[in-house]
Amino acid sequence: MTVFAALGDSTTAGFGDRMPDGTWRGWAPILAESVGARLHNFATSGARAHDVEHHQLPRAVALQPDVAAVIIGTNDTLRDPFDAQRLSGHLERTVATLRAGGAEVLTIRLPDPGKMFGLPGPLARPLARRMAELNAVADLVAARYDTVHFDAAGDARSYDRRMWSVDRLHPSERGHRFLACSFYDLLLQRGSVFARSGERPDPDPSSPPPSRAAMVLWMATAGTRWMIRRSTDLLPGLLRLAWSEWRHGSPMAPADLLDLQLPDADTVSGKVA
């Protein structure tokens, strides 16, 4: 049986796709079930790129997976300080190690969370630039290691409100199914046995969306706590970025992102740090 190792943060852990028994499912189990793979999900809520490399990767490598997913970066962009060069090293070493072990690796270009949060321009722009830097790094890693790379950032369906849960940060069940279907389609186009051995996941939700009353209750309870926690690190960081741009002039241009450099491939040993 195909072994599928999923690495990442709360999105891959399934947040936003709650099952009737109260547990989280998410896109990885949906994809694994559709193709008959045995899933080992190492993703954890709040994980950042260094957590994936140092804590999740060793456990995944021990399984010698046929397929692995590395979807990470949202927490890195939402926290301060943000260091794209350091993030690139964590991501490259993780992907390089999995590819060296023979795994097909799934990666992603993440959509801009500021569009879903509805942040005002001075705060949304720095967050969008962080995501652009993250995606530039992900593109370089994907090209270097020939990963199955899904451009969620460039797919208009990613910004459909129905794809997102009430917190507007995690996918809804429909959004998780969208991710599962998108990766399945890319694997099939690639001629992967992983996809040809199964069936395309059902894109339609199996559970009804939360009621308005449930959404209001979440915002009044868990949502308030979530915003308070984020306000202690994200908001000050975004305010500093916005102030710096206003004070020192124009921000980084998109073309400047091409100057981001990854470590030379010869320096990546394939060993788990």
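Being a predicted model, the structure only gives us computed values, none of them experimental. Values below: all heavy atoms of this structure, side chains included; hydrogens, waters and symmetry mates excluded.
Among residues two or more places apart in sequence or in another chain, the salt bridge (Lys or Arg N to Asp or Glu O under 4.0 Å) test is passed with Asp185 by Arg200. The side chain to side chain donor-acceptor pair (under 3.5 Å) search around Asp83 returns none, not counting sequence neighbours.
For the 3.5 Å distance criterion, the side chains of Glu199 and Tyr184 fail to qualify, holding no donor opposite an acceptor.
Below 30°, between 30° and 60°, or above 60°: for His54 and His50 the angle between ring planes is between 30° and 60°, a tilted geometry.
Contact record, Leu188 with Ala195: N-CB, 3.6 Å, taken as the closest heavy-atom pair. Taking all atoms of both residues into account, the shortest heavy-atom contact from Pro111 to Ala152 is CD-CB, 3.9 Å. Taking each heavy atom of Asp76 and Phe82 in turn, the nearest pair found is O-CD1, 3.2 Å. Minimum interatomic distance between Ala142 and His149 (heavy atoms only, all atoms of both residues): CB-CG, 3.4 Å. A pairwise comparison of heavy atoms in Ala103 and Pro65 identifies CB-O, 3.4 Å as the closest pair. Between Leu63 and His40, the shortest heavy-atom contact is CD1-CG, 3.3 Å.
By the rule that hydrophobic residues join a cluster once side-chain heavy atoms approach within less than 4.5 Å of another member, Tyr145 and Val52 end up as members of one cluster. Transitive grouping of hydrophobic side chains (ILVMFWY, heavy atoms separated by less than 4.5 Å) keeps Ile30 and Val148 in distinct clusters. Residues Val3 and Val67 are members of separate hydrophobic clusters, defined by side-chain heavy-atom contacts under 4.5 angstrom among Ile, Leu, Val, Met, Phe, Trp and Tyr. Under the 4.5 Å side-chain heavy-atom criterion for ILVMFWY residues, a single connected hydrophobic cluster contains both Leu31 and Leu186.
Expressed to the nearest 0.5 Å, how far OG1 of Thr107 lies from CG of Asp151 amounts to 10.5 Å. In this structure, the separation between CZ on Arg25 and OG on Ser206 is 4.5 Å, given to the nearest 0.5 Å. The distance from the CG atom of Leu187 to the OG atom of Ser182 is 11.0 Å, given to the nearest 0.5 Å. If you take OG1 on Thr2 and CG on Leu39, they are separated by 12.0 Å, rounding to the nearest 0.5 Å. Taken from CD1 in Ile72 to OG1 in Thr11, the straight-line distance is 9.0 Å, to the nearest 0.5 Å. Between the CZ atom of Arg99 and the CD atom of Glu92 there is a distance of 13.0 Å, given to the nearest 0.5 Å.
No donor-acceptor pair under 3.5 Å is formed between the side chain of Arg125 and the backbone N or O of Ala128. In terms of modelled atom types and a separation under 3.5 Å, the side chain of Gln56 and the main chain of Gly8 share a donor-acceptor contact. Within the 3.5 Å criterion, the main-chain N or O of Asp112 finds a donor-acceptor partner in the side chain of Tyr159. Side chain of Arg196 to backbone of Gly191: a donor-acceptor contact under 3.5 angstrom is found.
Looking only at side-chain heavy atoms (C-beta outward), Leu110 and Met131 come within less than 4.5 Å of each other. Using a 4.5 Å cut-off on side-chain heavy atoms (C-beta onward), Ile108 and Leu179 make contact. A 4.5 Å side-chain heavy-atom check between Leu57 and His90 finds every atom pair outside the cut-off. Looking at heavy atoms from C-beta onward, Phe150 lies out of side-chain contact with Ile71 at the 4.5 angstrom threshold. In this structure the side chain of Thr147 never reaches within 4.5 angstrom of the side chain of Glu104, judged on heavy atoms. A 4.5 Å side-chain heavy-atom check between Asn41 and Thr12 finds at least one atom pair inside the cut-off. In this structure, the side chains of Asp9 and Thr74 come closer than 4.5 Å at one or more pairs of heavy atoms. Contact check for His55 versus Phe42: no side-chain heavy atoms found under the 4.5 Å cut-off.
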Is there a side-chain contact (heavy atoms from CB on, under 4.5 Å) between Asn75 and Asp51? Walk through the geometry before answering. CA-CA 11 Å; Asn75 290 310; Asp51 299 313; over 6 Å; no
Step-by-step side-chain contact (heavy atoms from CB on, under 4.5 Å) determination, Asp204 to Arg174: CA-CA 6 Å; Asp204 295 321; Arg174 183 180 295 277; 4.0 Å; yes
Does the pair Asp202 and Arg177 meet the rule for a side-chain contact (heavy atoms from CB on, under 4.5 Å), with working shown? CA-CA 7 Å; Asp202 187 345; Arg177 289 185 175 277; 3.8 Å; yes
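Figure legend: Arg18 and Trp24 shown as a cation-pi pair, the cationic atom lying under 6.0 angstrom from the six-membered ring centre and within 45 degrees of its axis.
Residue Phe178 is tested with Ser158, Ser172, Pro203 for a side-chain contact (heavy atoms from CB on, under 4.5 Å); the sole match is Ser158.
His170 and His176 have their aromatic ring centers separated by at least 6.0 angstrom. The aromatic ring centroids of Phe194 and Phe183 lie 6.0 Å or more from each other.
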